[in-house]
Every structure is written in C-alpha cells, then in structure tokens.
Amino acid sequence: MIERTLRYAVIGLVVPSLIAASARAEDAGPDAPRGTAPTASAPPSGGDSFDFNFMPQANPAEEAARKKHAEEVEKKARTRRKMLLAHQALGFVTLAVLAATCVVGQFTYLDKYGGGNDDNRALYASHAVLAIASTSLFATTGALAVAAPNPYEKSRWHFDTALVHKASMLLATLGMVAQIVLGPITASREGHLDQRDLALAHVITGYATFGFMAAGTIAYVF
Amino acid sequence: MRTATLVVLLALAPVARAQAPADYVIDTKGSTVTYEAQHPAHKWKGVSRAAEGRARVLPDGKVQVMVRVPVESFDSDNSNRDAHMKEVVEAARFGFIEVKATGEAPLPAKFPATVEKTFKAQVSFHGVQQVFDVPVKVSFESDRRILTEAHFAISIDGFKLERPSLMLVKMDDAVKIDARLTFNR
C-alpha cells in the first residue's frame, strides 16, 4: 500500500515537472535563433572560458556562397570609395569656386547697376570663367555620386541627413540649370530695359544656388 | 528496497532541478546595441535592434553569454554614412560583431533585484578578437526576464580598421558601445 502511494506521488511530481520543462523550451519564442540550443561545449560546472557556442554555424555551401558574395561586394565597394572620395574633394572645390562666382557676379552687377562705370571688362570675363568652371565642377561632382555603385542593400526610405544632402543638391542643380539659361539671356539683353531685372534674378538665383549647395554640404559634414 | 529507491529519487528531484542551468534568449525587440563615434566636426550614433543571442546561468552562479549583432543592422540616421561604415568594417566578409562574455550573477532569492558585476567579454569584430572587462548592470525582473546594461569603449585601430576621414581629418579612435539587452527564459 505504502509502495503504491509513493509510486503515485513520484508520478504526480515528475510528470508536471517534465511538462513545465517542455513548456519552458517552447517559451523560447520566435526570436530564438534557429537551432541555437546551447551546445554541450559549455561546461556545466565552469564559466570562465569562452569555449562555448550558442549560435548556429554556417554550412560549407553557405560559407562558399557568402565568400563569393563578399568578393563581389568588396570590388564594388572599392570603386564606390574612390568615386565618393573624389566626389567629396570636388564638392569642396566646387563650393569654393561657386562662392567666388557669386562674389565676382555681385561686383559685376554693382559695376553695371550699382553706381559703377560699367567699364570693368575684367570682372565680366572673370565671372564668365568662374561660372563655366563652377558649372563643370558641379556637373562632374554630381555625376560621380550618381554613378557610384552601391553594393549594399538599400535601406528603407527615411528622413536623414543623407536625404537633406540629396534634396539640397537637387535644388542646387535646378539653380545651376536656371543660371545656365539666365546668364546668357541676361548678357544678350544689352541695351534693353529688362536687362536689369534679368541680372537681378541671375544674382538672386546664384545666391540661392550657393545656399542650397552650402546647406547640402553642411548637412553631410555635420 | 524499491520503496527506498523511490524515496531517495523523490528527495533528490528538487535538487536535480535546482542544479540545471537556466537558459535565456535575447528579446530582439527589446534590445539595442549602440555605437557612438566622433570626428572633430561632428558626433554620431548608430543603433542596431537586431541583436540575437543567449545567456546561460550555471548552477554555481556563473553566467555565459553569447551575443551577435549583424554589422549591416546599424542605423545612424544617414544612409550614406551607414554604407561607408559597411565598407570600412568589410561587412560582407565579417558580417557579425560577436561577443562572448562570462561572469558571475547568480539568480537572486527575491525578485526584482539589481546587481552590478564585471564580466569578461571577448569581442570578435573584423576578424580580430579582443578581451575586455565590462561592467554590467543586471536587473532581474523575475526568474524569466533579465535586463542588462553594459557600457565600454573599443579602439578602431585595435580591430585593424582603417579610420575614415572627412576633410583630411580622421575620426577618433575610440568608439563607445552601449548595449541594453533583454533576456527572456
């Protein structure tokens, strides 16, 4: 009788504890890394060594595919880095040349409409050279960024400083295009009454273009 | 005789259960790993919410932890900078930052409880392994949920990484790591 009672008692205690252990294992949840039950390499009586591994190991086929992919990514990444370094360096040069273009353009405007004698041909020539240089540099700098390969998975769209940089540069590009049109038209209206208004629009657009480019640079650097 | 065996087994059952290691799994959604880096022109942080791993509390109170974070999962709020970071750390070749840590933090008798311990952590990053002493704040919410906080700094040069530069100035060598990991049983 005593023996039977003890047997039932053992069954009554062991079975629920087995069920509870099983439930705990299932509670690991969906976040548990697949097949990551702690391995036997973890010594049960000591925890000082790093000789344990709770993570799944890649099989040889996966490892070979990963290596091949890594080589392709690294090749593109090297090209990308060279192009973006050139983009960065040319960007600062472009910003400086654009600033000079605006300053010389302002002097040119003042010489013609701000009480000057309208006789400083050197200013006109300098402004034209600087405008051509800044436009060429701007186009080259932008082309380098657009053409640079990106071997990494595109992150989901979100508002960040890179987006501010790109948006500012897009506006600066529109400003540059407007200047390419406005500049020659303004110059061709010599002797007409609307030249002053066109020149003013050209000056304002120049400052706006510089502003957008400076904002894009600041957003990226800081 | 059989009765005696059963009695012994019955008496030992709770002891056997108490000596079993307790395994915990990282709650990925409730865990973050953040790096904070600095350049003379600016400072930035990258956050990963993709840490995975496990912790095992051994019967003698020693703890083994293994955590890994995909390098690609760090988001610094600048996709260009994140892409550059992947280039620098060769993310395609060395896809994970892996940390194995050991220390002592036995489960307390009462919950909740908080202890501060120093763990020895082996960090594997960019194919280089380094061991650090890492202070860890361990908060036992219950025997099924543990929150941990660890802060330490690593050297970029120490992991054989080429420090990126901006305007010909390299970024600082020290990078602060802030790990807030939640483990569930």
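To find a chain, count down the sequence lines: A is the first, B the second, and so on, and within it residues start at 1.
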Review point. Is atom CZ of B:Arg49 surrounded by more than 12 heavy atoms (other residues, nucleotides or ligands) closer than 6.0 Å?
Key: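 No, the 6.0 Å shell around CZ holds no more than 12 heavy atoms from other groups.
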Show which side-chain atoms of residues 147-154 of chain B pair as donor or acceptor with protein atoms under 3.5 Å away, not counting sequence neighbours.
| residue | atom | partner | partner atom | Å |
| --- | --- | --- | --- | --- |
| B:Thr148 | OG1 | B:Leu181 | O | 3.0 |
| B:Glu149 | OE1 | B:Arg180 | NH1 | 3.4 |
| B:Glu149 | OE2 | B:Arg180 | NH1 | 3.4 |
| B:His151 | ND1 | B:Asp178 | OD1 | 2.6 |

**Study point:** Under 3.5 Å: donor-acceptor pair, side chain of A:Arg66, backbone of B:Arg93
**Key:** yes
Exercise for review: Would you check if the side chain of A:Tyr152 reaches a backbone N or O of B:Glu87 as a donor-acceptor pair within less than 3.5 Å?
Suggested key: yes
**Study point:** Nearest heavy-atom neighbours spanning B:Asp77 and A:Asp160
**Key:**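 Distance-wise, the nearest heavy atoms are O-CB, 2.5 Å.
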Heavy-atom cut-off 4.5 Å, strictly under: side chain, backbone, both or neither for [X] against chain A?
{"X": "B:Glu72", "value": "side chain"}
{"X": "B:Ser165", "value": "backbone"}
{"X": "B:His84", "value": "both"}

Exercise for review: Among B:Val65, B:Asp82, B:Val67, single out the residue with the greatest number of heavy-atom pairs under 4.5 Å to chain A.
Suggested key: B:Val65
Check your understanding: Which residues in residues 68-87 of chain A have any heavy atom lying under 4.5 Å from a heavy atom of chain B?
Key ->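 A:Ala70, A:Val73, A:Glu74, A:Ala77, A:Arg80, A:Arg81 fall under the 4.5 Å cut-off.
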Exercise for review: May I ask you to list the residues in residues 127-139 of chain A that approach chain B closer than 4.5 angstrom, counting heavy atoms only, ordered by number?
Suggested key: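 Contacts with chain B: none.
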Do [X] and [Y] come within less than 4.5 Å of each other through their side chains, counting heavy atoms only?
{"X": "B:Asn80", "Y": "A:Lys166", "result": "yes"}
{"X": "B:Met66", "Y": "A:Phe50", "result": "no"}
{"X": "B:Thr102", "Y": "A:Phe52", "result": "yes"}

Check your understanding: Does anything in residues 121-132 of chain B get under 4.5 Å of chain A by heavy atoms, and if so which residues?
Key ->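 Hits under 4.5 Å: B:Ala121, B:Gln122, B:Val131.
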**Study point:** Spatial distance of atom CD (B:Gln64) from atom OG (A:Ser49) [nearest 0.5 Å]
**Key:**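 The CD atom of B:Gln64 sits 7.5 Å away from the OG atom of A:Ser49.
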Check your understanding: Do B:Asn78 and A:His165 pass the side-chain contact (heavy atoms from CB on, under 4.5 Å) test, and can you show the C-alpha distance, the side-chain angles, and the key distance before you say yes or no?
Key -> CA-CA 10 Å; B:Asn78 182 323; A:His165 175 76; over 6 Å; no
